[in-house]
Each structure stands twice: as structure tokens, then as C-alpha cells.
Amino acid sequence: MSSKLVGVGVGPGDPELVTVKGVNALRAAEVVVVPVMDSGERGRAEATVLHYVPAEKIVRVVFALNERTDRARREAAWDAAGERVAALLRQHGSVAFATIGDPNVYSTFTYLAQTIVESVPGVVIETVPGITAMQDLAARSGAVLTEGTEPLTLVPVTAGSAVLKDALAGPGTVVAYKFGRQAAEVAEALRETGRIGDAVWGSALGLAEESIRPAGELDGQPLPYLSTLIAPARREGGRGGKL
């Protein structure tokens, strides 16, 4: 029989935001892999999964989650993680990989799946979608992501503030991920483009340390790495004005 690796999106942190299908996938797998940094602390994915499966079913695998400058170290970490998960697939046959947010949106699962396909012949790769941070922040803050014909642009600020400025110059809603370490540049870009008034940011959504604030209060101080920003589209013309 073919082995199966399932990437399961477990949402941005609130365990109540895991879908029924996601919970079923986690419970059906023989083991559940959760990514951890080499420092070893429990991540959001593991904390969420523990609400639904026993700890003895969870396997922690080290990933270089925040490594961006040392490519050799990052590649070595991916290879080591891939070998660990490949060994689990040969032993158990059915493995779930829990990832925060959605497994097809800026997820470590993408790189793991590429590695596994090359190292485990005949493996079946599946994904279970998860609720994203932008959806959760929109719900908690009251920000409307899109109306009518408005476009929606999702930007990882790790790509540079210039990419964010280009997006903010457009007509639609802009969502920025992972902007915490560049909060000052993000605030400057919002002010330069006249988009700071309605923008909102949030971090640790659904957790005890949750923070949701207007972007106008950004003071240049660094924020948590996984902070999310929503800059809603400019809306005029009343209800249905963009239809």
C-alpha cells in the first residue's frame, strides 16, 4: 500500500478554528508531525494539535523555520526533516503534518512535500485547508477583506517594504504577513500611500497574549514576527459601490 502524507492547516492559533475535517485528519493519522525550531520551544501548531490528539502521537521535527540568510543551513535542515518524516512514513504509512494557517499558503509543508515526493516512491500527498491569519484578523477586528470587484493582495513583508508599497499603491485590500520585525517600514509605507487610517494589525490571534490595534498606533517598535496587517481598500459610493 502507498504511504500518505497529509498537510493539515490548524489555523492561526485558536484551537476552535481547526475545521472538523482537519481534526478528523489529525486523529486518523498514525502519527502527527509538528514543526519546531532548533531551540525546541513548543510552537503554535503543536499547542493546537494537543487539543485534539494525545501527546504520545505527536512527533516533533526540527525545521529552520526562520532561517533566511544561511541557505546551506536551511537546505540541510530541510533535508534532515525530510529524512525524518520519510522514515516515519516507511514505519507508519499514514502521517499528518500540522501547520499553522493553511498548508498551501506560505507553509513549511510545501518544502517538506517536495522532499518527500523525491525520497518516498509512490507516496500520496494530500492537504486539508486551514483558516488563515488574515481571515481571523478580519473577523476579530471587523475589517472587511473584499467587496464587489476589489482585488486582494497578500504580501510577505520579508520580501521587502518596496513590494508592500507597490501593493498599497493599488486599489484593493492589502494584507501583510510576517511584518513584525519591519513594523517601522510598514508604518512609513502606510503613511506615504495614505492607507494608514483604516488599517489594523494583530498578533497572537486567539491566544492569551492576543493584540489587535489600529495601524495608526504603530510607533516603530518591533512587533512579534508573525504579526498580520490588513489595509482595507479605499471605499466610496456607499453600499455596493464596488459592484
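Only a predicted model underlies this, so the values are computations on that prediction, with no experimental measurement involved. By convention here, the first residue in the shown sequence is residue 1.
Every residue two or more places apart in sequence or in another chain that forms a ring pair (Phe, Tyr, Trp, His ring centres under 6.0 Å) with F109 is listed here: F97. Under the side chain to side chain contact (heavy atoms under 4.5 Å, CB included) criterion, P129 pairs with D102, not counting sequence neighbours. With sequence neighbours excluded, no residue forms a side-chain hydrogen bond (donor to acceptor under 3.5 Å, both in side chains) with E16. For E56, the side chain to side chain contact (heavy atoms under 4.5 Å, CB included) partners are P54, not counting sequence neighbours. Considering only residues two or more places apart in sequence or on other chains, E30 meets the side chain to side chain contact (heavy atoms under 4.5 Å, CB included) condition with H92, S94. Residues satisfying the side chain to side chain contact (heavy atoms under 4.5 Å, CB included) criterion with V128, sequence neighbours excluded, are V6, V8, T19, K21, A25. Residues forming a side-chain hydrogen bond (donor to acceptor under 3.5 Å, both in side chains) with T153 (at least two apart in sequence, or on another chain): none. Not a single salt bridge (Lys or Arg N to Asp or Glu O under 4.0 Å) links E209 to another residue, sequence neighbours left out.
Between S141 and V200, the closest side-chain pair of non-hydrogen atoms falls below 4.5 Å. Contact annotation: the side chain of V163 never approaches that of V157 to less than 4.5 Å [non-hydrogen atoms, C-beta and beyond]. You'll find the side chain of V59 stays beyond 4.5 Å of the side chain of V32, heavy atoms only. Counting heavy atoms from C-beta outward, W201 and F179 have side chains that approach closer than 4.5 Å. Between V174 and I230 the shortest side-chain heavy-atom distance does not fall below 4.5 Å. Residues V34 and R42 are not in side-chain contact: their nearest non-hydrogen atoms beyond the backbone lie 4.5 Å or more apart. With a 4.5 Å cut-off on side-chain heavy atoms, I58 and V49 count as touching.
No path of Ile, Leu, Val, Met, Phe, Trp and Tyr side chains, each step under 4.5 Å between heavy atoms, connects L152 with V144, placing them in separate hydrophobic clusters. A single hydrophobic cluster is not seen to contain both I131 and V18; linkage of ILVMFWY side chains at heavy-atom distances under 4.5 Å, directly or through other members, places them apart. Each of I125 and V10 belongs to its own hydrophobic cluster when Ile, Leu, Val, Met, Phe, Trp and Tyr are linked at side-chain heavy-atom distances under 4.5 angstrom. Cluster annotation: L207 and L229 are assigned to distinct hydrophobic clusters (Ile/Leu/Val/Met/Phe/Trp/Tyr, side-chain heavy-atom contacts under 4.5 Å, transitive). V31 and V120 fall within a single hydrophobic cluster, where Ile, Leu, Val, Met, Phe, Trp and Tyr side chains are chained together by heavy-atom contacts under 4.5 Å.
A pairwise comparison of heavy atoms in A231 and A199 identifies CA-CB, 4.0 Å as the closest pair. When all heavy atoms are compared, the tightest approach of P12 to A133 is CB-CA, 4.0 Å. Nearest heavy atom pair, residue A176 against residue L164, reads CB-CD1, 4.2 Å. Minimum interatomic distance between P103 and G7 (heavy atoms only, all atoms of both residues): CG-O, 3.6 Å. S203 approaches S227 most closely through the heavy-atom pair CB-OG, 3.6 Å. Taking all atoms of both residues into account, the shortest heavy-atom contact from L26 to A98 is CD2-CB, 4.4 Å.
Within the structure, salt bridge (charged side-chain N to carboxylate O under 4.0 Å, His left out) pairs that include any residue of residues 165-177 comprise K165-E192 (at least two apart or interchain). Residue pairs satisfying the salt bridge (charged side-chain N to carboxylate O under 4.0 Å, His left out) criterion with at least one member in residues 83-97, sequence neighbours excluded, are absent. Among residues at least two apart or in separate chains, side-chain hydrogen bond (donor to acceptor under 3.5 Å, both in side chains) pairs with a member in residues 124-134 are N104-T127, T132-Q135. Applying the salt bridge (charged side-chain N to carboxylate O under 4.0 Å, His left out) definition to pairs two or more places apart or across chains, those involving residues 137-146 are D14-R140, D136-R140, R140-E210.
Remark: side-chain polar atoms of T110 are not paired, donor with acceptor, to backbone N or O of Y106 under 3.5 angstrom.
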Does the pair I212 and L205 meet the rule for a side chain to side chain contact (heavy atoms under 4.5 Å, CB included), with working shown?
-> CA-CA 8 Å; I212 298 174; L205 301 174; 3.9 Å; yes
Could you walk me through whether L112 and V85 pass the side chain to side chain contact (heavy atoms under 4.5 Å, CB included) test, one step at a time?
-> CA-CA 9 Å; L112 175 65; V85 174; 4.0 Å; yes
Test side-chain hydrogen bond (donor to acceptor under 3.5 Å, both in side chains) applied to T146 and T173, step by step = CA-CA 7 Å; T146 55; T173 294; over 6 Å; no
Could you please spell out the steps behind the side chain to side chain contact (heavy atoms under 4.5 Å, CB included) verdict for L218 and L223?
-> CA-CA 9 Å; L218 290 172; L223 302 174; 3.6 Å; yes
From CA spacing to verdict: side chain to side chain contact (heavy atoms under 4.5 Å, CB included), K4, V95 = CA-CA 6 Å; K4 182 168 70 173; V95 175; over 6 Å; no
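We find the CE-OG1 distance between M134 and T228 to be 9.5 Å, quoted to the nearest 0.5 Å. Expressed to the nearest 0.5 Å, how far CZ of R213 lies from CG of D219 amounts to 10.5 Å. With values rounded to the nearest 0.5 angstrom, R191 atom CZ is found 12.5 Å from L168 atom CG. Atom OG of S3 is separated from atom CD of Q91 by 12.5 Å, given to the nearest 0.5 angstrom. Here the CD1-OG1 distance, from I100 to T48, works out to 8.5 Å after rounding to the nearest 0.5 Å. Once rounded to the nearest 0.5 Å, the distance linking CG of L226 with NZ of K178 reads 7.5 Å.
Within 6.0 Å of the OH atom in Y52, the count of heavy atoms belonging to other residues, nucleotides or ligands exceeds 12.
In the model, S107 has a side-chain atom that pairs as donor or acceptor with a side-chain atom of T99 under 3.5 Å.
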